[in-house]
A.B. asks: 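Take a look at this one; I'll ask things after.
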2 protein chains.
Amino acid sequence: MVRRPTVYDVAERAGVSIATVSFTFRQPHRVKRSTKENVLAAAKELGYVPSGNARGLARGRTGALGIYSFDYYSLGPGQDPDSAAGSDGAKAPAFDDSNPDLRSFPVYVDEVQRGVALECRRRGYTLIVSGGNQAGSETAFADIAGQVDGLAVFPRSVSDDVLESISRMIPVVEFSERSHTDTLSGVTCDNAGGMRLLTEHLISTHGFKDLQFVGPSRIFPDSLARYEGFQTQLRSSGFAELHDPLVAEEGAPGWPEKLMENLLAQESLPEVLVCAQDEIALGLMGELSAHGISVPDQIAVTGFDGIAAGLVSSPQLTTIKQPMELMGRTAVGILLDRFEHPETAAQSLELPVQLVVRQSCGCLPL
Amino acid sequence: MVRRPTVYDVAERAGVSIATVSFTFRQPHRVKRSTKENVLAAAKELGYVPSGNARGLARGRTGALGIYSFDYYSLGPGQDPDSAAGSDGAKAPAFDDSNPDLRSFPVYVDEVQRGVALECRRRGYTLIVSGGNQAGSETAFADIAGQVDGLAVFPRSVSDDVLESISRMIPVVEFSERSHTDTLSGVTCDNAGGMRLLTEHLISTHGFKDLQFVGPSRIFPDSLARYEGFQTQLRSSGFAELHDPLVAEEGAPGWPEKLMENLLAQESLPEVLVCAQDEIALGLMGELSAHGISVPDQIAVTGFDGIAAGLVSSPQLTTIKQPMELMGRTAVGILLDRFEHPETAAQSLELPVQLVVRQSCGCLPL
DNA sequence: CTCCGACATCAATGCGCATAGATTCTTTAC
DNA sequence: GTAAAGAATCTATGCGCATTGATGTCGGAG
């Protein structure tokens with residue numbers, strides 16, 4: 001491991017000034033061909049790679065975008081973090097995945113991030129990925145904010161005032177939120193409309209009359225909009241009274257069991273459980289199955305998001321699919337627009353969703 | 001969008017020197033409590049976030065690791081890149097995913113990257129994600145190499161000499177390769193052993209006598225090792241002659257069709273197709289199904305990697321599962337070890353694999 | 001009352017690069 | 001052959017921060 005060569009080293013070796021070296025890389029047309037070749041050769045021999053930090057500092061921009069999420073896949077409390085790398089597996093000869101762990105599938109955050117990554121690459125930006133964890137959350141956020149030309153964040157991963165503050169300095173787009181301020185951009189999908197569409201399907205195609213909503217305990221704006229869409233459709237379909245929504249303490253250990261208890265504690269089962277998120281629906285279906293309640297024969301279940309795991313579940317999950325990759329790409333577009341035109345106002349976009357009809361509502365055969 | 005405040009702004013507002021501001025953040029114990037509070041207040045009011053570039057430059061390290069991959073999910077040739085963000089979807093009322101696009105599932109690269117991301121976060125490093133594409137591949141690599149304290153790369157995403165050169169400056173670990181040099185580290189899995197295990201299963205459990213290997217056209221070291229494992233097991237099971245391997249031009253448009261042609265052009269079908277990668281196996285199963293050839297009844301198929309899509313296929317794919325997340329975490333461990341102890345030699349680790357028995361070999365009922 | 005050490009703060013410098021402006025070398029036009 | 005225009009290169013500077021070594025301040029020991 002030798003010291004990284006700098007422009008000075010290259011300049012010396014090529015017998016030119018550092019400005020010429022820099023020009024060779026940044027403004028090649030300004031350098032005579034022979035000189036250029038000279039410099040490039042010297043650079044190659046030395047293994048020169050420009051320091052991104054120095055470049056960013058000098059140019060006043062980093063050439064990177066950031067994505068920051070909450071710690072949605074944090075290690076469980078019981079885990080020893082130090083054992084994470086290295087000491088894991090004795091060679092197990094066989095492996096049973098008849099009940100696949102959903103965590104091995106990408107969730108909402110992953111799929112959006114993928115879109116961000118693709119678009120960054122296409123536009124020649126690098127992507128910096130970070131996220132909060134219990135420990136150094138503030139620090140981590142400051143770190144990434146200080147390293148990027150624009151930042152995409154997932155909801156509730158950063159406190160509102162910090163976010164508002166940062167968004168005055170660099171373009172920031174938040175997913176799944178309406179933009180709070182005129183400096184903070186947003187990318188959402190049509191939560192209310194999607195849920196109306198789904199609810200309408202359940203009512204008119206399946207003839208359900210007894211629908212119950214299941215929402216998360218942490219009220220995210222998107223969940224709220226979905227609940228509103230649900231209610232709106234019920235009303236416009238002429239339903240008068242409706243179940244109180246069930247609340248899933250998603251994230252808390254054992255939440256599916258607890259949710260199931262609450263469901264069974266009701267005097268009767270609804271015909272269909274309309275879940276605000278795929279993950280809730282999948283967790284619930286696991287419990288229903290464990291209690292011998294057949295989906296969709298005895299009760300139908302639907303989700304919202306369209307994560308890949310919904311294809312693997314049994315039965316496959318009927319859901320509303322968000323255009324997650326597109327949301328990520330769109331976010332990048334907004335960030336770079338604003339970075340290049342700082343005078344423009346923040347913008348919020350809402351993207352369309354799709355109804356995906358599968359087995360868990362009773363449409364497709366198992 | 002206002003100018004980002006700097007230490008100078010904070011210092012002025014707090015009535016101290018920039019050194020004190022810096023100390024407040026980096027060495028808080030050296031600053032009197034009252035001063036510290038003063039500075040922190042000023043920083044908060046201004047929305048100060050330290051510049052990562054300046055910090056990195058001053059300290060000689062970036063606090064970031066990088067991951068660089070080939071462009072495994074590049075846009076197809078026919079796509080208009082400019083249409084990617086924004087102008088996509090008319091709101092389709094329904095959506096049929098009875099034949100899910102495998103690209104919506106994470107592939108090998110994604111799952112390894114996820115491990116890298118997790119471990120980076122756990123260790124307080126940010127992660128920079130980049131990858132080559134046809135256009136500015138060299139540039140992209142130089143960009144990321146200049147921004148990180150250590151770099152993980154996927155095989156064949158960077159030319160060997162560039163890699164060798166960079167690995168003399170910063171720690172570099174390559175996945176799925178044996179380490180070429182004493183400066184380049186590697187993380188692989190037990191490709192040969194895994195394939196032997198699988199082959200042995202096919203022979204002794206299923207009694208297959210007519211096995212054919214299907215490999216990729218681009219000979220990666222891991223594919224080679226798998227083929228060797230396959231051959232080794234056949235020999236040690238007393239098989240004399242064996243099929244020539246089939247070659248899948250994976251990546252090229254229409255490769256599954258072409259592969260299928262080549263398969264059918266043989267005088268007889270083997271009993272089982274042992275594929276070097278899950279993706280080949282899945283593509284092949286699609287073609288087999290299209291030709292009305294039933295898997296596993298008429299022909300068995302197996303894969304290698306253990307990507308999530310193999311759970312969704314019909315039939316579900318029997319395969320060897322690499323510990324992808326662990327490989328990513330391990331890579332981070334190696335990089336940071338070397339970053340902290342530059343005098344130590346590069347190291348290569350081989351991680352164990354698991355046999356995952358599902359439907360496509362005929363073990364589980366459909 | 002003086003001196004010394006501990007503590008708090010500051011001034012000055014360099015990290016590696018991009019770039020404006022100055023300088024030198026080449027080419028073109030007359 | 002010469003001057004002006006242009007091309008090529010260089011010198012000098014600043015980006016924002018961390019850090020070293022210097023300076024200043026204060027309290028206690030002598």
Side-chain angles (χ1 to χ4, degrees), chain A residues 2-40 42-43 46-64 139 142-143 145-149 169-170, chain B residues 2-40 42-43 46-64 139 142-143 145-149 169-170:
Chain A
V2 303
R3 194 180 61 83
R4 286 160 89 129
T6 71
V7 273
Y8 296 95
D9 300 317
V10 177
E12 185 180 350
R13 180 156 190 139
V16 298
S17 76
I18 65 158
T20 302
V21 175
S22 186
F23 282 147
T24 300
F25 288 98
R26 302 303 148 215
Q27 311 185 42
H29 63 279
R30 289 186 56 174
V31 181
K32 191 165 50 168
R33 156 164 290 186
S34 61
T35 312
K36 195 168 9 183
E37 289 169 353
N38 213 350
V39 171
L40 290 175
L46 292 173
Y48 169 71
V49 172
S51 154
N53 284 329
R55 184 136 63 99
L57 187 56
R59 303 202 352 175
R61 39 171 297 189
T62 65
T139 308
D143 274 357
Q147 279 184 320
V148 298
D149 291 337
M169 316 296 163
I170 58 175
Chain B
V2 304
R3 195 180 60 82
R4 286 160 88 129
T6 72
V7 273
Y8 295 95
D9 301 316
V10 177
E12 185 180 351
R13 177 156 194 140
V16 297
S17 76
I18 65 158
T20 302
V21 175
S22 186
F23 281 147
T24 299
F25 288 98
R26 302 303 149 213
Q27 309 185 41
H29 62 278
R30 288 187 57 175
V31 181
K32 191 166 49 166
R33 156 165 290 189
S34 61
T35 311
K36 194 168 12 184
E37 289 168 353
N38 212 350
V39 171
L40 290 176
L46 292 172
Y48 170 72
V49 172
S51 153
N53 283 329
R55 185 135 62 99
L57 187 56
R59 303 201 348 172
R61 38 170 298 188
T62 66
T139 308
D143 274 357
Q147 280 183 320
V148 298
D149 291 337
M169 315 297 163
I170 57 175

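Residue numbering restarts at 1 for every chain, and letters A, B, ... go by the order of the sequence lines.
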A.B. asks: Testing A:Ile18, A:Thr35, A:Val31, A:Val16 one by one against A:Phe23 for a side chain to side chain contact (heavy atoms under 4.5 Å, CB included), which residue passes?
C.D. replies: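 With A:Phe23 as partner, A:Ile18, A:Thr35, A:Val31, A:Val16 yield a single side chain to side chain contact (heavy atoms under 4.5 Å, CB included), made by A:Val31.
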A.B. asks: What do the steps show when you test A:Lys32 against A:Lys36 for side-chain contact (heavy atoms from CB on, under 4.5 Å), and what is the final call?
C.D. replies: CA-CA 6 Å; A:Lys32 191 165 50 168; A:Lys36 195 168 9 183; over 6 Å; no
A.B. asks: To the nearest Å, give me how far apart CG (A:Leu46) and P (C:dG16) are.
C.D. replies: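 My rounded result for the distance is 14 Å.
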A.B. asks: Less than 6.0 Å separating the ring centroids of B:Tyr48 and B:Phe25?
C.D. replies: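 Ring centroids of B:Tyr48 and B:Phe25 are less than 6.0 Å from each other.
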A.B. asks: What heavy-atom pair brings A:Leu46 and A:Pro5 nearest, and what distance separates the two atoms?
C.D. replies: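 That closest heavy-atom pairing would be O-CG, 3.4 Å.
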A.B. asks: Going from OG1 on A:Thr24 to CZ on A:Arg30, what distance comes out if it is rounded to the nearest 0.5 angstrom?
C.D. replies: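 It comes to 11.0 Å.
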A.B. asks: Measure from CZ on A:Arg61 to P on C:dC17 and round the result to the nearest Å.
C.D. replies: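 My rounded result for the distance is 17 Å.
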A.B. asks: Return no unless some side-chain N or O of B:Arg55 is found under 4.0 Å from OP1 or OP2 of D:dA18.
C.D. replies: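 Answer is yes, contact under 4.0 Å.
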A.B. asks: Is the closest basic N to carboxylate O distance between B:Arg4 and B:Asp9 below 4.0 Å?
C.D. replies: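 No, this pair does not count.
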A.B. asks: In residues 2-21 of chain B, what residues come within less than 4.0 Å of DNA chain D, judged by heavy atoms?
C.D. replies: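 DNA chain D contact set from residues 2-21 of chain B: B:Thr6, B:Val7, B:Tyr8, B:Ile18, B:Ala19.
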A.B. asks: Here's a test of your reading of the structure: between B:Ala58 and B:Lys32, which maps to the more 5' nucleotide of DNA chain C?
C.D. replies: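 By nearest-heavy-atom nucleotide position, the 5'-most residue is B:Lys32.
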A.B. asks: Check the distance between C:dC15's P and B:Gln147's CD and give it to me in whole angstrom.
C.D. replies: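 It works out to 21 Å between those atoms.
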A.B. asks: So does B:Gln27 get a side-chain nitrogen or oxygen closer than 4.0 Å to the phosphate oxygens (OP1/OP2) of D:dT19?
C.D. replies: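 So the side-chain polar atoms of B:Gln27 do come within 4.0 Å of the phosphate oxygens OP1 or OP2 of D:dT19, strictly under.
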A.B. asks: Tell me which nucleotide among C:dA18, C:dT9, D:dC17 gets nearest to the side chain of B:Ser22.
C.D. replies: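 That would be D:dC17.
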A.B. asks: Phosphate oxygens OP1/OP2 of C:dC15: is one of them under 4.0 Å from a side-chain N or O of A:Ser51?
C.D. replies: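 The answer is no; no side-chain N or O of A:Ser51 sits under 4.0 Å from OP1 or OP2.
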A.B. asks: With no hydrogens and no angle check, is any side-chain donor or acceptor of A:Asp149 less than 3.5 Å from a backbone partner on A:Thr62?
C.D. replies: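 Side chain of A:Asp149 to backbone of A:Thr62: a pair is present.
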A.B. asks: Quickly work out the B:Arg26 CZ to D:dC17 P distance and round it to whole Å.
C.D. replies: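 Value for this atom pair: 9 Å.
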A.B. asks: Looking at every heavy atom in both A:Arg13 and A:Ala42, which two are closest together, and how far apart are they?
C.D. replies: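 Smallest heavy-atom distance, with atoms named: CG-CB, 3.8 Å.
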A.B. asks: Between P on D:dC17 and CG on B:Asn53, what's the gap in Å once rounded to a whole number?
C.D. replies: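 Rounded to the whole Å, the gap is 10 Å.
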A.B. asks: Would you give a per-nucleotide map of nucleotides 21-27 of chain D, 5' to 3', where B means the base has a protein non-hydrogen atom under 4.0 Å away, S means only the sugar-phosphate does, and - means neither?
C.D. replies: -------
A.B. asks: Between C1' on C:dG16 and CE on B:Met169, what's the gap in Å once rounded to a whole number?
C.D. replies: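 In whole Å, C:dG16 C1' and B:Met169 CE are 15 Å from each other.
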A.B. asks: Is any side-chain nitrogen or oxygen of B:Thr35 closer than 4.0 Å to OP1 or OP2 of C:dT9?
C.D. replies: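 Checking B:Thr35 against C:dT9: at least one side-chain N or O falls below 4.0 Å of OP1 or OP2.
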A.B. asks: After noting the C-alpha distance and the side-chain angles of B:Arg55 and A:Asp143, does the key distance pass the side-chain contact (heavy atoms from CB on, under 4.5 Å) rule?
C.D. replies: CA-CA 10 Å; B:Arg55 185 135 62 99; A:Asp143 274 357; 2.8 Å; yes
A.B. asks: Look at all strands and tell whether B:Phe25 reaches a base, only sugar-phosphate, or nothing, counting heavy atoms closer than 4.0 Å.
C.D. replies: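 If one applies the 4.0 Å heavy-atom cut-off, B:Phe25 turns out to touch nothing in the nucleic acid.
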A.B. asks: Give the rounded distance in Å between these two atoms: CZ of A:Arg59 and P of D:dG16.
C.D. replies: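 It is 15 Å, rounded to the nearest whole Å.
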